[in-house]
2 protein chains.
Amino acid sequence: MAQNRVTIKQVAAAAGVSITTVSHVLNEVPGKRIHPETRERVLAEAARLGYAPNMLAQSLRTQRSHTIGLIGDEIATTPFAGKIILGAQDVATAHDSVVFVVNTGYEREVENREIDALLRRQVDGILYAAMYHRPVELPAKLAGVPTVLINASCADPAVPWVVPDEAAGGEDAAEALLSAGHRRLAFVNDVDDIPAAFGREEGFRRRAAAWGVPQEDLRVVAAEADPEGGYQAAVRLLDEVERPTGIFCFNDRMAMGVYRAAAELDLRVPSDVSIVGFDNQDFIADGLHPGLTTVELPHYDMGVWAAEQLFEQIASGRSGHPAPTKRLRGPVIHRNSVAPPSRGSALGERHHPIDRRGNA
Amino acid sequence: MAQNRVTIKQVAAAAGVSITTVSHVLNEVPGKRIHPETRERVLAEAARLGYAPNMLAQSLRTQRSHTIGLIGDEIATTPFAGKIILGAQDVATAHDSVVFVVNTGYEREVENREIDALLRRQVDGILYAAMYHRPVELPAKLAGVPTVLINASCADPAVPWVVPDEAAGGEDAAEALLSAGHRRLAFVNDVDDIPAAFGREEGFRRRAAAWGVPQEDLRVVAAEADPEGGYQAAVRLLDEVERPTGIFCFNDRMAMGVYRAAAELDLRVPSDVSIVGFDNQDFIADGLHPGLTTVELPHYDMGVWAAEQLFEQIASGRSGHPAPTKRLRGPVIHRNSVAPPSRGSALGERHHPIDRRGNA
DNA sequence: TTGTAAGCGTTATCAG
DNA sequence: CTGATAACGCTTACAA
């Protein structure tokens, strides 16, 4: 197994000094003056032997494992939030740490077992991530352990969390449409009553109001948050004379369905309908044709913010009360699904005569 | 930080015995007979105090950390292979272990740094995963460390690896089309010269030949492995009289482009063209309309196989020479993009008169 | 400037 | 049946 690694003792022997001295030069302990010559000797031998400290021993002694845990319901399973891992890892690396990642699959039992496993390994802290933005309750086992929540909020004012700024996202989406000249808008929302749904709607409405769009020119419909849901909603929305010229979709998957509805109704994107998505989901947003303009979810940045917050908390012994929280705004990724409304579309005309196909 | 955890010493004190005894009962050491009464007492106290062994100390002593590392070029970054992590984690859990995951982003320097970080933490072994199936060279630092490759093969006969069975995938794709009755086939391949590309082509051709499809009725074209590439290839393929009735795509993203080409040429899927993809990529394969029949990549299973292999190697001290290797066949996920060729399409007719749109 | 020794929390050897 | 005690590899008072 772990082949005979070289220890501090061997370096000491090779350099003809005590292990204390080796430790001192290797750790560059502050108040210690060491003869430059022996110092060189130690360094040379350490390098020659390829010495690397055994962090288990080190951790045992110092009570710092330089290890954090990233625990999530579906963190690794879905294509969705892998960038959270990446963000966390990047800052972990900067802090000489490495991260354990565990998936719980929403099973409380698994979650508890895994938290125990991490705690037994003396992780310095834990990042607790949710797959989709939602309020959570912190597992009891985590009380007293430095923790920060990602993509989740928590009632306990002592625990820091970071979530996407949903309202800002809604505003930005609206802005993308409004500044292109659209004045008849629609929001195809998720049916679920979650922060992402009402947050985005709130922002979207706010911005539309600010541009003077009257209530009746902003339609909001809800559907399942998948392509089929988007499709269903869009056919209702688009198959009428006073149809919206700009549609904002709860997510890119729904946007996929909206594209299909538009195609079936022989409406072109973006000239007949402009579309804005949400998520900037890999391979969808840029795979659609034309490319989907969409609001990106700040997964990477949330991972970074949370990890930084965590290391701060670890270093300082305790988080401030109340703990810091953050809503991160994601950028809007401009592609080709938004254009000024065409004259005809603004008048509710179709570009081509209808040719509804039979396939559902 | 890691709040005052209870140690074996405290349990011993509470139970009025020595730590040796506590260790013995907790570990159920074989040849040790312990008085049932003290045994109960120890167990009770341990439970009452909520004792959990400090695995750092344990690992230091036993030289087994119950920890493995999963290192990959883009493992966590992309939506693609997250299931590898999941598979590895599941078997790790079964072995009382937990997994460090690190991303290298193809940077050799980062890779070396991270490998060091893992080794210093005494990981019991390492899973080395590639984002896409390819041959790799094992980093020198990993020599002597139990390692198994995932989605990558290696010239060194001492290291075990697991990859998708590309040829079998190609065969299965062909079979899906052929058994539905298709006899004019096409394969839209990736331009890159990688195992996935030639493996799938080989399998596809073999199966077609077995069904007696003449050479000239099996066209193979290559393009960039993205939606645009698929689109380009498909317009060439479909815009002719003797067009194929069944198309196999190198991946689901290319299939996305093929769908678009078909729609523009006013060809329906699956009645006018049947399509088979590869990857069963989340949110694409089932987001397309109609749902894409596709060959799934066995990511989860590769993670499982590799981890099991790794733990075996760890337990037995060394891998057998030559090391075991495995090509895993992924299932074909049947959705709605394959149907028998229609009479008309078999004759090369279009269902509707062409209505080519202007938008590129 | 360098070394001795205690201790981090376990397991394992060997006596009692 | 139970308990000292050494050892795992390291850091850190404290001593020399």
Side-chain angles (χ1 to χ4, degrees), chain A residues 1-43 45-46 49-67 96 119-122 124, chain B residues 1-43 45-46 49-67 96 119-122 124:
Chain A
M1 253 121 307
Q3 77 284 46
N4 9 354
R5 321 213 353 72
V6 14
T7 76
I8 200 177
K9 204 180 291 185
Q10 304 178 37
V11 176
V17 297
S18 74
I19 63 170
T20 305
T21 303
V22 176
S23 178
H24 283 161
V25 350
L26 260 27
N27 295 343
E28 296 174 336
V29 288
K32 294 291 177 182
R33 316 246 68 186
I34 298 188
H35 193 88
E37 189 185 293
T38 63
R39 186 187 138 74
E40 285 316 312
R41 194 147 29 91
V42 168
L43 254 19
E45 288 304 314
L49 298 176
Y51 171 75
N54 178 329
M55 294 199 65
L56 292 186
Q58 198 168 284
S59 305
L60 184 61
R61 180 63 233 246
T62 61
Q63 301 291 45
R64 271 279 264 120
S65 66
H66 285 278
T67 267
D96 275 320
L119 259 23
R120 277 204 299 270
R121 267 159 259 250
Q122 307 275 91
D124 295 329
Chain B
M1 258 122 303
Q3 78 284 46
N4 9 352
R5 319 210 0 70
V6 15
T7 76
I8 200 176
K9 204 179 291 185
Q10 303 176 39
V11 176
V17 296
S18 74
I19 63 169
T20 306
T21 303
V22 175
S23 178
H24 283 162
V25 351
L26 260 26
N27 294 342
E28 295 174 337
V29 288
K32 293 294 179 182
R33 316 247 67 186
I34 298 187
H35 193 87
E37 189 185 293
T38 62
R39 190 187 136 72
E40 285 316 312
R41 194 149 28 95
V42 168
L43 255 20
E45 287 305 313
L49 297 175
Y51 171 75
N54 179 329
M55 294 200 64
L56 292 186
Q58 198 168 282
S59 305
L60 183 60
R61 182 63 235 243
T62 62
Q63 302 291 46
R64 271 279 263 120
S65 66
H66 285 276
T67 267
D96 276 320
L119 260 24
R120 277 203 300 267
R121 273 159 191 103
Q122 306 276 91
D124 296 328

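Within every chain, numbering begins at 1; the chains are lettered A, B, ... in the order of the sequence lines, protein sequences first and strands thereafter.
Using a distance-only test at 3.5 Å, with no hydrogens or angles considered, no donor-acceptor pair links the side chain of Arg121(A) to the main chain of Ser65(A). Judged by distance alone, the side chain of Arg120(B) and the main-chain N or O of Pro53(A) form no donor-acceptor pair under 3.5 Å.
Using a 4.0 Å heavy-atom criterion, one finds that Thr38(A) contacts the sugar-phosphate atoms exclusively. Val17(B) comes within 4.0 angstrom of the backbone, heavy atoms only, and of no base. Nucleic acid contact class of Ala52(B) (heavy atoms, under 4.0 Å, all strands): sugar-phosphate only.
Within the structure, a side-chain polar atom (N or O) of Gln63(A) is placed less than 4.0 Å from OP1 or OP2 of dG9(C). A close approach under 4.0 Å does not occur between any side-chain nitrogen or oxygen of Asn54(B) and OP1 or OP2 of dC8(C). Phosphate proximity of dT2(D) to Thr20(B): absent, as no side-chain N or O sits under 4.0 Å from OP1 or OP2. Residue Gln58(B) places no side-chain N or O under 4.0 Å from the OP1 or OP2 atom of dG9(C). Between Ser23(A) and dT11(D), a side-chain N or O to OP1/OP2 separation shorter than 4.0 Å is present.
Comparing dT1(C), dG9(D), dT10(C) by their closest approach to the side chain of Pro53(B) singles out dT10(C). Closest contact between the side chain of Arg61(B) and the listed nucleotides dG9(D), dT11(C), dT11(D) involves dT11(C). Checking dG3(D), dC10(D), dC8(C) against the side-chain heavy atoms of Thr21(B) singles out dG3(D) as nearest. Here dT10(C) is the nucleotide among dT10(C), dC10(D), dG9(D) with the atom lying nearest to any side-chain atom of Tyr51(B).
By the 4.5 Å heavy-atom criterion applied to side chains, Leu26(B) and Tyr51(B) are counted as neighbours. Side-chain atoms of Asn54(A) and Leu60(B), non-hydrogen and from C-beta on, do get closer than 4.5 Å to each other.
If Ile34(B) and Thr62(B) are placed on DNA chain D by their nearest nucleotide, the residue sitting closer to the 5' end is Ile34(B).
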